[in-house]
There are 2 protein chains.
Amino acid sequence: MPVPPGKQPTQQEIATDLGISVAAVSLALSGKPGVSDQVRATVLEKATALGYRRNASAVALRTRRSNVLGLLIRNLRNPFFLDLIDGFDEACAKAGYEVMVGSSRYDQEREQKLLDTFADRGLDGLAVAPIGRGRAVGAWAAATERPVVVLNAPRRRAGRLAMSVSPDGPAAVQLAVEHLRGLGHQRIAMVAAPAEKSPDPERLELFLDLAAEERFTASVIEAELDLNTTREAVCRALGDAPGRRPTAFITNSDYLAHAVYLAAADHGLRIPEDVSVVGHDDLPTSAILNPPLTTLRVDRHRLGAEAAGLLIDAVEGREPPSLELTIPVSLEVRGSTASA
Amino acid sequence: MPVPPGKQPTQQEIATDLGISVAAVSLALSGKPGVSDQVRATVLEKATALGYRRNASAVALRTRRSNVLGLLIRNLRNPFFLDLIDGFDEACAKAGYEVMVGSSRYDQEREQKLLDTFADRGLDGLAVAPIGRGRAVGAWAAATERPVVVLNAPRRRAGRLAMSVSPDGPAAVQLAVEHLRGLGHQRIAMVAAPAEKSPDPERLELFLDLAAEERFTASVIEAELDLNTTREAVCRALGDAPGRRPTAFITNSDYLAHAVYLAAADHGLRIPEDVSVVGHDDLPTSAILNPPLTTLRVDRHRLGAEAAGLLIDAVEGREPPSLELTIPVSLEVRGSTASA
DNA sequence: TTGTAAGCGTTATCAC
DNA sequence: GTGATAACGCTTACAA
């Protein structure tokens, strides 16, 4: 271990040790032209011998680049975000960036506060799964003039700096509805966040449009998107008379589909005999639930990785391949859906 | 929005605007004594008027404190870590710290590299779920002289700077074995990481000790701790003749218990009729698996929060309540275990 | 190619 | 209480 216990060596130290200037050392260490191979070699050697490590704060202060990307999630308890974080982290690691995460916990104020601290820290870019339509995001982009990618929601602001990557929402709704209609369901409910907190009201709109077109009865279960509140809301819906309550539920995540399982159990109703459920995400556990969950599969890892990719391209001045990336979804039919 | 689009205002700007010194501004803004209430008030007012935001890099450079804590996970795909991250993040947020995460992906080299960059960034403390017995952790503590808490593994190094928080491992093993023995199982297998990658060989040792004491046949399924490798390893074990293969499996996570479910299905074996499984963690999904998983419940959120708490205490010079925190576990008996 | 020096924005140590 | 002023460690003109 070359690292001495005490304080860290600086470029200054290397320079005086070698009898050269700090400028030379800086150039040599950062691999930039301007020094002889001779000097470069000795500097590099000395640096490793001394266990030199570049002070990231100093670099950030001087260059206004932190080599850190932010990831702001609204609900860290939804396993959906795990693979997303993993993909994001992996892509960042490959490109030499660090990741700073935060969870807004569905709290607007907290979201804004996190955005601010992220900006203070000089993060080079931000990926955010916003609460609602993401007003905060605009503020960030404007204030920092740094790239931002919105996750799971269409991008709001125009410009090169605002991007988005999301699963194909319209396809998801359509596939779910088609599937349930094919099974003969007439009363279908969609679980959705209250309008002001929903990142993509488009899904709900499309759902209602389809109901009008295809003449089935659509209902909306409005709930904060955590397990307990949703469970209660679904419970209330299932409390209706058998001839009136929904026979099928569509959720925007497998995570919330769990709430339907729990609510059904609360009422002594069986899935899929009494209620059908379609999820979204295809979590690793969804195939081994009781019953296995019919859901829309989406590559979460890729979603995170693409988000990081877009940011890194933008940060490094490359033209991102597209400002709006859509990740395909596919229907995975399992045991949680049956004929009405 | 007070923030002007262009560049950020600095303390210097506030100072000249007000015709006072930067020192006064600094003191006023950081709430330290040394300025009159008069001056303090005007500074604060001016600051908000200008939309002043403190530059975190500059502070970090000057004070050698970043107000960031690191969280280094070995496998971000295990949902266990989600709630842990959430708890960690929440505790940090409350105390005004940011969180930087990284995943080592079970790669020693990557772990070391992340540790290094974390150190370079001047993180104030580190929580790490290490690969193996955590050699890297010692290097970090020694090099940075900053606190570290090991997650899910006993702490290795002595000293005020090395701490640990983990579920009660011995209790977990004992409860699982007792339960299975009570059901009459004679051949029990434990799924464990290869010795050099295992953070807590103690569990395995205790398991083997119990086998010797209680005279049951113990086998060890050694596998890298990802879903596929584990599934294959369990598959091989289940390939033995019915009279020889294990009738019950103990895993150190519900995540890996899923692999047993999948492997059993591969062999056309039923849980719990043909094989019993005991998990560990009690993930939100575990109760609604098919069949519901018998498991050891542990408060993951608290685990993360306690880890952050210990670090923050240490960073801020308070004496942590204990250097080694054990989180209790309790057996949750469900449908995945039955008599042999 | 090399060295000198001026910052980046903040905190801390002095004098006054 | 207040104001100069010197760091913190690094990058980057610019001069030699």
Side-chain angles (χ1 to χ4, degrees), chain A residues 6-44 46-47 50-68 116-117 119-124 144, chain B residues 3-4 6-44 46-47 50-68 116-117 119-124 144:
Chain A
K7 66 186 290 291
Q8 292 291 323
T10 69
Q11 295 190 353
Q12 182 60 254
E13 246 165 87
I14 299 183
T16 48
D17 264 33
L18 256 39
I20 61 176
S21 74
V22 278
V25 174
S26 177
L27 288 240
L29 287 171
S30 47
K32 289 189 185 151
V35 279
S36 66
D37 295 354
Q38 253 280 36
V39 173
R40 183 175 307 256
T42 39
V43 168
L44 255 38
K46 193 77 185 174
L50 255 45
Y52 169 79
R53 309 242 75 214
R54 203 199 228 84
N55 180 319
S57 306
V59 176
L61 175 57
R62 183 63 234 236
T63 63
R64 303 181 162 293
R65 286 260 330 245
S66 59
N67 263 265
V68 179
D116 286 344
T117 27
D120 293 350
R121 298 206 171 272
L123 297 215
D124 295 335
T144 65
Chain B
V3 185
K7 65 187 289 294
Q8 292 291 323
T10 71
Q11 296 190 354
Q12 181 59 254
E13 246 165 88
I14 299 183
T16 48
D17 265 33
L18 255 41
I20 61 177
S21 76
V22 278
V25 175
S26 177
L27 290 218
L29 287 172
S30 47
K32 290 189 187 151
V35 279
S36 64
D37 294 356
Q38 251 282 34
V39 172
R40 186 178 303 267
T42 40
V43 168
L44 254 39
K46 192 78 184 173
L50 253 45
Y52 169 80
R53 308 241 76 214
R54 201 198 230 85
N55 180 318
S57 306
V59 175
L61 173 59
R62 184 63 235 238
T63 63
R64 302 179 162 293
R65 288 257 333 243
S66 59
N67 264 264
V68 179
D116 286 344
T117 26
D120 293 351
R121 297 206 173 271
L123 298 214
D124 295 335
T144 65

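The structure displayed is predicted, hence computed values, not measured ones.
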Practice item. Could you pick out which residue, B:Asp37 or B:Leu61, lies toward the 5' side of DNA chain D when each is mapped onto its nearest nucleotide? Key: B:Asp37

**Study point:** Rounded distance (Å) that lies between atom P of C:dG9 and atom CZ of B:Arg65
**Key:** 22 Å

Check your understanding: Which residues, if any, of residues 22-36 of chain A bring a heavy atom under 4.0 Å of DNA chain D?
Key -> A:Ala23, A:Ser26, A:Leu27, A:Lys32

Check your understanding: Would a 4.5 Å heavy-atom cut-off, applied to side chains only, mark B:Asn55 and B:Thr10 as touching?
Key -> no

Practice item. Find the distance A:Arg121:CZ to C:dC8:P and express it as a whole number of Å. Key: 21 Å

Check your understanding: Would one find a side-chain N or O of B:Gln11 under 4.0 angstrom from OP1 or OP2 of C:dT11?
Key -> yes

Exercise for review: To the nearest Å, give me how far apart CD1 (A:Ile14) and P (C:dT2) are.
Suggested key: 16 Å

Check your understanding: Do B:Asp17 and B:Leu50 have side chains that get closer than 4.5 Å, going by heavy atoms?
Key -> yes

Check your understanding: Over how many whole Å does the gap from A:Gln12 atom CD to C:dA5 atom C1' extend?
Key -> 12 Å

Review point. If every non-hydrogen atom of A:Arg54 is compared with every non-hydrogen atom of B:Asp120, which pair is closest and at what distance?
Key: O-CB, 3.7 Å

**Study point:** Nearest non-hydrogen partners of B:Glu13 and B:Gln8, listed with the distance
**Key:** OE2-O, 4.2 Å

Check your understanding: How bent is the helix from C:dT1-D:dA16 to C:dC16-D:dG1, comparing axes over its five end pairs at each side, to the nearest 10°?
Key -> 40°

Check your understanding: In Å and rounded to the nearest 0.5 Å, what is the OG1 to CZ distance from A:Thr117 to A:Arg121?
Key -> 7.0 Å

Identify each donor-acceptor pair in which a side-chain atom of residues 25-38 of chain A lies under 3.5 Å from a protein atom, sequence neighbours left out, and give them as a table.
residue: A:Ser30; atom: OG; partner: A:Ser26; partner atom: O; Å: 2.7
residue: A:Ser36; atom: OG; partner: A:Val39; partner atom: N; Å: 3.2

Check your understanding: Quick one: does A:Thr42's side chain get under 4.5 Å of A:Ile20's, heavy atoms only?
Key -> no

Check your understanding: Does any non-hydrogen side-chain atom of B:Tyr52 lie less than 4.5 Å from one of B:Gln11?
Key -> yes

Review point. What is the 5' to 3' range of DNA chain D, first to last nucleotide, that sits under 4.0 Å from any heavy atom of chain B?
Key: D:dG1 to D:dG9

Check your understanding: In chain order, what residues pass the side chain to side chain donor-acceptor pair (under 3.5 Å) check against A:Ser66, with sequence neighbours excluded?
Key -> A:Asp124

Revision key, fill the gap. Here the gap from A:Arg64 atom CZ to B:Ser57 atom OG, rounded to the nearest 0.5 Å, amounts to 9.0 Å

Review point. Over how many whole Å does the gap from A:Leu18 atom CG to C:dG3 atom P extend?
Key: 10 Å

Point to revise | Non-neighbouring partners of A:Thr63 that pass side-chain contact (heavy atoms from CB on, under 4.5 Å), sequence neighbours left out | key: A:Val59, A:Arg65

Review point. To the nearest angstrom, how far is B:Arg64 atom CZ from C:dT10 atom P?
Key: 18 Å

